[in-house]
Amino acid sequence: GPLNPTPRPTKLAVYHFGWIRPAWDGQPPKQGIQDSMEQDRPDAYAPGAIEKKWQKTWEDLGTNRFAPESLRNARKPFYNLMMFPYPSAEGLHVGNIYAFAGADVHGRYQRLTGKEVFEPIGFDAFGIHSENFALKQGVNPMDLTPRNVANFTRQLRRIGGMFDWDHTVNTSDPAYYRWTQWIFVQLFRAGLAERKEAPVNWCPSCMTVLANEQVIGGLCERCETPVEQRHIAQWFFRITDFTQRLLDNLKTLDWSDTTLKAQENWIGRSEGATLTFPVLPAVEGAPGGGAGEAVESPHDGPLISVFTTRPDTVFGATYMVLAPEHPLVGAITTPDRRNEVEVYMQEAAKLDLVARQKVDKTKTGVFTGAMCLNPATGEPIPVWIADYVLIEYGTGAIMAVPGHDQRDFEFAEVFGLPIPRVVAGPEEGADTPLEEAYLGDGTLVNSGRFDGLPWRDGARAIVEWLEEKGLAEAKVNYRLHDWCISRQRYWGPPIPIIHCETCGPVPVPEEKLPVLLPRVEDFKPDDSGVSPLARVEEWYKTDCPECGGEARRETDVSDTFLDSSWYFLRYPSTDRDDVPMDTEITERWLPVDCYIGGEEHAVLHLLYARFITMALKDMGHVNFEEPFTKFRKHGLIIREGAKMSKSKGNVIVPDPIIEEFGADTFRVYLMFLGPFPEGGDYRDEGIQGPYGFLHRLFDTVVSAVASPEGDGPPDPQVEQKLHKTIKQVSEQVPNLQYNTAIAAMMEYLNAVRAGGRQAARAEVEHLVPLIAPFAPHIAEELWERLGNDRSVFEGSNWPAFDPEKVAEETVRIAVQVNGKLRGTVEAPAGTSQEEAEALARDQENVTRHLEGLTVRRVVFVPNRLLNFVVG
RNA sequence: GCCGGGGUGGUGGAACAGGCAGACACAGGGGACUUAAAAUCCCCCGGGAGCAAUCCCUUGCGGGUUCGAGUCCCGCCCCCGGCACCA
């Protein structure tokens with residue numbers, strides 16, 4: 001250690017495996033507070049010095065770095081991925097460290113079991129977040145980002161993760177976004193990227209378009225400003241072409257259940273039918289229509305088609321509703337209603353999404369004057385427009401069944417429309433009045449020849465019946481929309497398209513990539529609906545790659561989520577600048593073996609990454625379609641009852657804590673707070689526990705090495721406990737049950753030191769690799785002091801337990817009388833019921849409770865419990 | 001409203017597959033060592049009764065199944081996260 005300085009090692013060109021004894025240059029590092037208190041004790045735990053020493057050793061020897069050849073030839077590859085951070089100006093926060101430490105524990109564990117673990121980290125540096133911060137500070141993001149990245153890198157090294165710094169990515173680096181643009185071009189060529197004018201979510205504060213996924217309850221997810229609707233030409237990725245595959249593949253993934261469920265809900269599959277309602281010609285006076293007879297043939301007027309999940313209720317459809325934006329509104333509105341309809345449409349357009357989507361808002365709407373034929377009843381029904389019908393879902397129009405849809409019920413009540421019953425519950429008849437929409441199970445009533453059918457069968461029969469007339473079609477609808485990737489901002493990869501008046505949108509040829517983002521001092525977005533790049537004429541003026549004529553570059557940049565949708569594909573191939581992915585290396589290392597990240601990305605990032613991977617598979621660029629074999633979410637760190645945030649003032653800055661206690665202690669503490677997948681409650685004093693534990697561990701191992709008694713045999717009971725501990729930790733660590741694994745090691749160390757006894761080396765040496773994933777520096781130091789000349793992480797140092805030693809020799813059997821504990825007996829394992837009963841009856845407290853009572857039954861669970869049932 | 005997850009000491013949290021509730025740790029109290037501190041070590045630590053042995057109560061609430069329920073079933077209450085006029 002620092003006390004035995006050895007010559008400075010020469011940097012060895014040996015990567016990853018096969019390095020020789022680590023050495024250190026002997027310069028005493030700057031000491032933390034705890035270190036300085038220990039400076040007069042030669043064998044005291046000095047985390048600051050130990051951590052400096054080992055970080056330098058790992059760095060000098062390239063312990064965690066892969067040479068391209070090592071990547072190519074790996075025999076037991078394990079790709080351990082964690083979600084890369086956005087490099088904020090504030091630096092790493094505790095939440096980042098929690099996530100990275102937890103993922104690093106997993107990677108280090110895998111490595112201790114002999115896997116070759118690739119654990120990269122990078123920076124999600126493009127995006128509105130960085131840009132807004134740069135604007136606020138009046139700095140150019142091109143200057144700010146490298147500073148933040150440098151600071152993050154320093155902090156990341158300090159926490160002792162086994163990151164491969166030779167394979168890092170920065171999404172704002174042209175060497176990276178060149179390939180992000182390449183992906184855009186591939187999608188364009190495959191017909192998966194298209195430009196269309198569409199109503200989009202516009203954040204008036206961020207002054208850009210947001211994807212649906214970035215609108216939370218009608219508010220911008222970033223600044224919580226109410227989102228407006230705008231119509232702009234945008235680039236969309238056709239993720240909806242993959243909907244069913246994205247849904248079906250979920251079954252094949254080893255992911256957290258909650259994450260799978262979130263994806264499933266987001267995709268939002270609904271089964272139902274599209275039904276067609278013919279609009280009746282506007283006739284003066286009474287609207288026609290032969291009552292009682294179903295429509296027999298399609299007619300030549302406009303048709304309104306609706307999507308419904310309840311075609312069985314079509315007999316109860318007493319009116320129709322179109323979304324105010326529905327294209328047919330203008331065509332069908334009768335002249336006398338035109339003014340009122342116009343006014344309503346304008347009102348609806350003005351409302352922002354929050355106001356419009358208020359569920360408890362009183363229903364509003366207006367009659368268009370048009371009538372439709374209900375295809376089932378043949379009755380004319382009025383067509384309304386109302387803002388509770390959304391243009392973006394289904395067909396933008398509904399058949400309203402007030403008896404069996406609560407929203408329709410409320411609307412019908414406001415406007416005095418009829419509310420017939422067409423489904424009757426078990427206790428109900430055809431005429432049972434409706435107090436509210438009836439949504440339960442039941443059979444059809446008031447539905448002509450379908451009366452009496454259970455509603456599911458009725459639905460099928462009615463669709464078949466209407467299908468024959470060409471008025472219905474079974475249909476599956478999804479909630480998922482195409483992914484709008486255009487952003488009218490500066491800090492992102494320019495979309496690699498050139499607009500030519502004669503050729504239309506032309507992709508920038510692959511060999512001309514990247515389209516460099518120019519340095520622009522005035523990058524403030526404005527309300528114009530176009531990117532600040534549209535103000536840089538010398539940049540956007542260009543020639544058409546096809547006809548050579550004058551053309552204009554696309555001035556929008558792409559969504560940050562596109563940057564992060566493929567970064568894991570790039571990491572192993574960063575040695576190649578001629579291709580996005582090295583085929584051989586990609587086949588060897590992907591898909592990712594284990595991905596650990598926050599649940600906040602359960603739908604956005606994970607869905608986009610799956611989509612991009614699927615698209616690349618179809619185009620032949622990769623040979624798998626699901627990028628993450630296994631995904632585990634980590635929890636959140638709570639402090640003072642809330643998620644850490646600057647506004648709540650409950651943020652913990654990690655650097656001073658690492659300075660005072662060391663990264664090892666901090667890591668162990670974070671992992672000990674609570675179950676990793678659930679998170680935990682950060683309490684400042686709590687770090688004392690893990691600190692004391694590592695301290696005792698250090699003292700115990702050092703004294704076992706130094707003292708002559710340390711060479712003696714292990715105490716049999718301690719040894720038994722050791723094997724049980726190895727078993728427990730080996731089962732829990734791979735399942736991310738870190739808190740209980742640490743507790744087990746603490747318990748074991750307490751047993752080793754019980755009564756202040758001298759520990760034997762044989763009792764503690766296996767503890768070192770067990771703690772190594774959590775506290776890698778102290779583990780290396782102790783491993784060295786135990787006389788090993790190679791890293792504890794080299795080879796397969798994870799200890800095995802001896803099943804015979806795990807088996808109990810004596811057991812404690814609980815003795816109950818009528819289920820209440822009245823004593824325990826110690827007996828050899830495997831003691832029979834008769835023997836156990838005899839032992840139990842020897843106990844005074846047991847006999848006292850049996851006295852004068854008849855034992856009716858005895859329940860015996862071998863090695864665990866004996867229960868006398870008396871009465 | 002719908003879909004997840006949860007409710008256990010002063011606190012964070014343990015508890016295999018229905019079998020000794022409260023592991024491990026923090027905070028608190030007492031002690032050893034020390035001029036003093038740090039570090040380390042030992043003891044106590046859910047509530048109530050009792051000198052004690054011991055007994056009673058206790059896992060959000062109310063029922064149930066069982067020899068036995070924190071764990072399973074039924075009905076509630078509350079908290080957290082996600083989705084939400086999605087037809």
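Keep in mind that this is a model prediction, so the values were computed, not measured. Within every chain, numbering begins at 1; the chains are lettered A, B, ... in the order of the sequence lines, protein sequences first and strands thereafter.
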Side chain of A:Val859 (C-beta onward), nearest among B:C83, B:A87, B:C67: B:C67
Value in whole Å for how far the P atom of B:G1 lies from CZ of A:Arg407: 15 Å
Any donor-acceptor N or O pair under 3.5 Å, side chains A:Arg753, A:Thr700: yes
Complementary nucleotide of B:A53, counting Watson-Crick and G-U pairs under 3.5 Å: none
B:G68 glycosidic torsion: syn (within 90° of 0) vs anti: anti
Sugar-phosphate only, base, or nothing, as touched by A:Asn750 at under 4.0 Å among non-hydrogen atoms: sugar-phosphate
Whole-Å gap separating C1' (B:A25) and CZ (A:Arg683): 8 Å
B:A15 to B:G64 separation - P atoms, rounded to the nearest Å: 30 Å
Options B:A87, B:A14, B:C55, nucleotide nearest the side-chain atoms of A:His849: B:C55
Earlier contact from the 5' end, RNA chain B, for A:Gly692 and A:Arg857: A:Gly692
Touch class at under 4.0 angstrom, heavy-atom based, for A:Pro675 against every strand present: sugar-phosphate
Given RNA chain B, 5'-ward residue of the pair A:Ile742 and A:Thr308, judged by closest heavy atom: A:Ile742
A:Glu747 and A:Thr725 side chains, donor-acceptor separation under 3.5 Å: no
Rounded distance in Å - CD (A:Gln843) to P (B:U54): 10 Å
Pairwise C1' distance for B:A25 and B:G75, with rounding to whole Å: 38 Å
Pairwise P distance, B:C55 and B:A21 [rounded to whole Å]: 12 Å
Under 3.5 Å: donor-acceptor pair, side chain of A:Ser707, backbone of A:Ala704: no
Nearest listed nucleotide, side chain of A:Gln816, among B:G19, B:A87, B:A25: B:G19
Distance, C1' atom - from B:A32 to B:C26, rounded to whole angstrom: 23 Å
Any strand: nucleotide that pairs with B:C61 via Watson-Crick or wobble, under 3.5 Å: B:G75
B:G1: pairing nucleotide in any strand, Watson-Crick or G-U under 3.5 angstrom: B:C83
Closest to side chain of A:Asn739, choosing from B:G13, B:C86, B:U40: B:G13
Test of ring centre spacing under 6.0 Å for A:Phe666 and A:Phe661: no
Proximity to the side chain of A:Val861 - top-ranked nucleotide from B:G19, B:A87, B:A14: B:G19
Whole-Å gap separating P (B:G81) and NZ (A:Lys633): 13 Å
Same-atom distance (P) from B:A23 to B:C16, integer angstrom: 15 Å
Out of B:C41, B:A87, B:A25, whichever nucleotide has its closest atom nearest the side chain of A:Arg696: B:C41
N or O in side chain of A:Asn265 less than 4.0 angstrom from B:A84 OP1/OP2: no
Under-4.0 Å side-chain N/O to phosphate OP1/OP2 contact, A:Thr740 with B:A15: no
Under 4.0 angstrom between A:Arg864 side-chain N/O and B:G18 OP1 or OP2: no
B:A84 phosphate, OP1 or OP2, under 4.0 Å from A:Arg479 side-chain N/O: yes
Touch class at under 4.0 angstrom, heavy-atom based, for A:Asn477 against every strand present: nothing
C1' spacing across the pair B:G22 / B:C74, given as an integer number of angstrom: 28 Å
A:Phe411 ring center within less than 6.0 Å of A:Trp384 ring center: yes
Watson-Crick or G-U wobble mate for B:C41, both contacts under 3.5 Å: B:G31
Base B:C20 to side chain A:Arg812, donor-acceptor N/O within 3.5 Å cut-off: yes
Inter-residue atom distance A:Ile50.CD1 - A:Leu694.CG, 0.5 Å rounding: 10.0 Å
Least distance between heavy atoms, A:Asp482 atom then A:Ile239 atom: OD1-N, 3.2 Å
Heavy-atom donor-acceptor pair, A:Asn650 side chain to A:Arg639 backbone, under 3.5 Å: yes
Sugar-phosphate only, base, or nothing, as touched by A:Gly272 at under 4.0 Å among non-hydrogen atoms: nothing
Residue A:Gln688, side-chain heavy atoms: nucleotide from B:A25, B:C83, B:A39 that is nearest: B:A39
Euclidean distance, atom OH of residue A:Tyr45 to atom P of B:U40 [Å, nearest integer]: 12 Å
Proximity to the side chain of A:Lys820 - top-ranked nucleotide from B:C57, B:U40, B:A15: B:C57
Mutual orientation of the aromatic rings belonging to A:His634 and A:Phe676 [parallel < 30°, tilted 30-60°, perpendicular > 60°]: tilted
Out of B:A87, B:A39, B:A15, whichever nucleotide has its closest atom nearest the side chain of A:Ile398: B:A87
Side chain of A:Asn867 (C-beta onward), nearest among B:G68, B:C24, B:U11: B:G68
Phosphate OP1/OP2 of B:C41 contacted by A:Arg757 side-chain N/O (<4.0 Å): no
Pairwise P distance for B:U8 and B:C3, with rounding to whole Å: 25 Å
P-based separation of B:U71 from B:U58 [nearest Å]: 13 Å
Any strand: nucleotide that pairs with B:A36 via Watson-Crick or wobble, under 3.5 Å: none
